[in-house]
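Structure first, then comments.
Basis for what follows: all heavy atoms, side chains included, without hydrogens, waters or symmetry-related copies. Remember, it's 1-based here, ligands and their atoms both numbered in the order they're listed. Every value quoted in this text rests on a predicted model; they were computed, and no experiment measured them.
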Amino acid sequence: MKIFLDSADASQIKFWSGQGILDGVTTNPLVLQRDGVTDPERALAELARLAAPGVFHAEVTHAGGQQLIAEARELAALADNVAIKVPVITPEGESCLAEISELTRAGVVVNTTACLTLGQVVLAAKAGARYISVLVGRVDDEGGNGAEVLEKARIWLDRWGYDSELIAASVRGTADVMRSIDAGAHCVTVPPAILAKLADHKFSRHTVREFLDAAAATKAS
Ligand code: E4P
């Protein structure tokens with residue numbers, strides 16, 4: 001299972017890369033805004049470099065059509081490790097599957113994002129997406145069950161032999177990460193604060209304190 005960091009914060013990417021657990025980094029325009037990016041093109045190139053050899057996911061900012069295709073090609077040319085996030089539909093509900101399919105056929109690694117339903121996952125896989133992001137937190141926000149969408153999607157991909165990888169995205173806490181693992185996500189993308197919580201446990205702290213105190217007492221005796 002792959003772990004991506006959902007962040008555009010260079011210091012967090014360096015820190016978590018240094019922990020040896022990252023398979024890549026995901027961003028989107030909201031993440032860039034939240035992390036204070038002011039010059040996206042320059043920042044994306046730098047973040048892609050920091051994410052290497054992992055995959056760096058950069059999202060298009062055009063809603064569809066040839067402008068989306070041109071932007072995706074430009075972003076893909078930033079570095080060898082870049083995957084392009086393309087929303088499954090426009091804000092008006094028009095399909096972006098043609099763009100996803102064209103980019104995939106041209107050799108661009110596509111991550112179809114903003115997927116909230118099994119139907120969208122099925123269509124994204126048919127269009128050739130390498131990665132499919134299921135925004136589990138946003139499914140849950142609307143009273144749905146993000147983990148159930150992931151689970152059914154994984155069963156469908158395996159049953160029909162599609163090699164698209166499901167990314168559990170929009171995770172709101174450590175429980176979402178656990179549910180995504182159980183549901184069979186190939187990858188989970190996690191904000192830095194949640195990754196830190198995954199590593200921590202108050203009784204692990206207590207246990208390590210006991211070990212260190214015993215070691216110190218043994219040396220002193
Ligand atoms: C990552 O690929 C997604 O774009 C991101 O996790 C979405 O998170 P949000 O639903 O909290 O905005």
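Here the closest non-hydrogen pair linking R130 and D163 is NH1-O, 2.9 Å.
In the candidate list H57, E59, K85, K85 is nearest to atom 1 (C) of ligand 1, counting heavy atoms.
Residue, atom and distance of the protein heavy atom nearest to atom 8 (O) of ligand 1 are S170 CA, 3.5 Å. Among protein heavy atoms, the minimum distance from atom 6 (O) of ligand 1 is reached at D6 OD2, 2.6 Å.
Side-chain contact check for I155 versus K152: every heavy-atom pair is 4.5 Å or farther apart. Contact check for L75 versus L44: side-chain heavy atoms found under the 4.5 Å cut-off.
Partner of K85 under the side-chain contact (heavy atoms from CB on, under 4.5 Å) criterion, out of T27, T112, N28: N28 alone. Paired with Q120 under the rule side-chain contact (heavy atoms from CB on, under 4.5 Å), one option of T117, V122, L123 passes, and it is T117.
Remark: ligand 1 atoms within the under-4.0 Å shell around heavy atoms of R172 are 9 (P), 10 (O), 11 (O). Contact atoms of ligand 1 toward R138: 9 (P), 10 (O), 12 (O) (distance under 4.0 Å to a heavy atom of the residue).
Backbone and side-chain nitrogen or oxygen atoms of N28 are examined, and one is located within less than 3.5 angstrom of a nitrogen or oxygen of ligand 1.
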